[in-house]
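The structure appears right after this line, and notes come after that.
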Amino acid sequence: MDVQHIKRRDIILKRELGEGAFGKVFLAECYNLSPTKDKMLVAVKTLKDPTLAARKDFQREAELLTNLQHEHIVKFYGVCVDGDPLIMVFEYMKHGDLNKFLRSVLSDGVAWGGGPSDNARIQFTFCLKIGAHGPDALILVDGQPLQTNGELGMSQMLHIASQIAAGMIYLASQHFVHRDLATRNCLVGNGLLVKIGDFGMSRDIYSTDYYRVGGHTMLPIRWMPPESIMYRKFTTESDVWSFGVILWEIFTYGKQPWFQLANNEVIECITQGRVLERPRVCPKEIYDMMLGCWQREPQQRLNIKDIQKLLFTMMKAAPVYLDILG
Ligand code: AMP
């Protein structure tokens, strides 16, 4: 499919949303994008004063994004390349990136008086309530995805994880290795809709191949398995390892993995075979899933389809799980 081109005059910048490796990200209004709406809100990523190499990367990335279409992959509308800066236009995800979202949920929870020290018990009480109304009863309320105390419950955490798994199943089906899966690269929209949203470091390689990075490339080592750290080997299985770390991030409300360690210590730790500890608010079944993602041998790791099935089973059984946790 061809990359869609959007006219600069159709894009009206409104405010800055954030800054990524690529450049600044803005909220904007875009005209003539949808046949049914005159204008719509979008997120635009800008690239100022690109070098020739950066321009090529930009073009490559736009082609790649045009061909990735799935309900759990952020929608890419097209590019604006007439003049400077170069712009990529994406759907706007109202609640921003998942890491910030998870952190804000925790601070809201504290503000409500729950307090992190009581988290475990509070979560379980609330989840039992969710169970009584069906597991998704509180997820789908637009604008109010959270529970009354402002915290995420177990079934909501599982719902977030299963949507990322759905996006990953699609990527694997396209033989696409992401290489940088982390909550910071997922976006949250209305009604707790979660999508994988940043492909800055990704490469469309077959899972039997691997990609070598040289020079000064920044590597997300805290999310990487031993073989990626040691041999720069990135595969669908290394994405599964990162998914385990995403689960850990969700269940710690967005903590940085190995936050207590410096980068060189993290490398030592992971290559020696140590894994992250079980978060305080995490059922054994979910920690077992993390451990299944963190098998040293890539072929021994859980596969992403099985992970999604397990997540569904746990979501259905959430109240039962919570009973045994108490
Ligand atoms: P990135 O360059 O993708 O790392 O984006 C930097 C920041 O901009 C993210 O952490 C988000 O907070 C925000 N952002 C990026 N894309 C979107 C989007 N499609 N909708 C809303 N916010 C976004």
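For this chain, numbers begin at 1 and follow the sequence in order. Just follow the structure's listing: the first ligand is 1, and inside any ligand the first atom is 1.
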Which ligand 1 atoms are under 4.0 Å away from a heavy-atom of [X]?
| X | result |
| --- | --- |
| Ala43 | 17 (C), 18 (C), 19 (N), 20 (N) |
| Tyr92 | 20 (N), 21 (C) |
| Leu17 | 21 (C), 22 (N) |
| Lys45 | 1 (P), 2 (O), 3 (O) |
| Asp97 | 9 (C), 10 (O), 11 (C), 12 (O) |
| Glu19 | 6 (C) |

Checking Lys45 against Phe90: charged group under 6.0 Å from the ring centre and within 45 degrees of the axis?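 That pair qualifies as a cation-pi contact.
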
Can a cation-pi geometry be assigned to Arg184 and Trp223, taking NZ or CZ under 6.0 Å from the six-membered ring centre and within 45° of the ring axis?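 Arg184 over Trp223 ring: yes.
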
Carboxylate-amine/guanidinium proximity below 4.0 Å for [X] and [Y]:
| X | Y | result |
| --- | --- | --- |
| Glu249 | Lys255 | no |
| Asp97 | Lys100 | yes |
| Glu227 | Arg301 | yes |

Pick whichever of Asp180, Leu187, Val188, Thr46 has a heavy atom sitting closest to atom 17 (C) of ligand 1.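 Selected option, by shortest heavy-atom distance: Leu187.
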
Give a yes/no verdict on whether any heavy atom in Lys100 is under 4.0 Å from an atom of ligand 1.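 Lys100 counts as a contact of ligand 1 under the 4.0 Å cut-off.
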
With side chain to side chain contact (heavy atoms under 4.5 Å, CB included) as the criterion, how do Ile160 and Leu98 come out once you've worked through the C-alpha distance, each side chain's angles and the decisive distance to 0.1 Å? CA-CA 9 Å; Ile160 292 172; Leu98 176 58; 3.7 Å; yes

Kindly confirm or rule out an N or O of [X] lying under 3.5 angstrom from an N or O of ligand 1.
| X | result |
| --- | --- |
| Glu91 | yes |
| Gly96 | no |
| Asn185 | no |

Do the ring planes of Tyr170 and His70 sit parallel (below 30°), tilted (30 to 60°) or perpendicular (above 60°)?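 The rings of Tyr170 and His70 lie parallel, inter-plane angle below 30°.
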
Do Leu193 and Leu152 land in one hydrophobic cluster if side-chain heavy atoms of ILVMFWY residues count as linked below 4.5 Å?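 Result: no, two separate clusters.
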
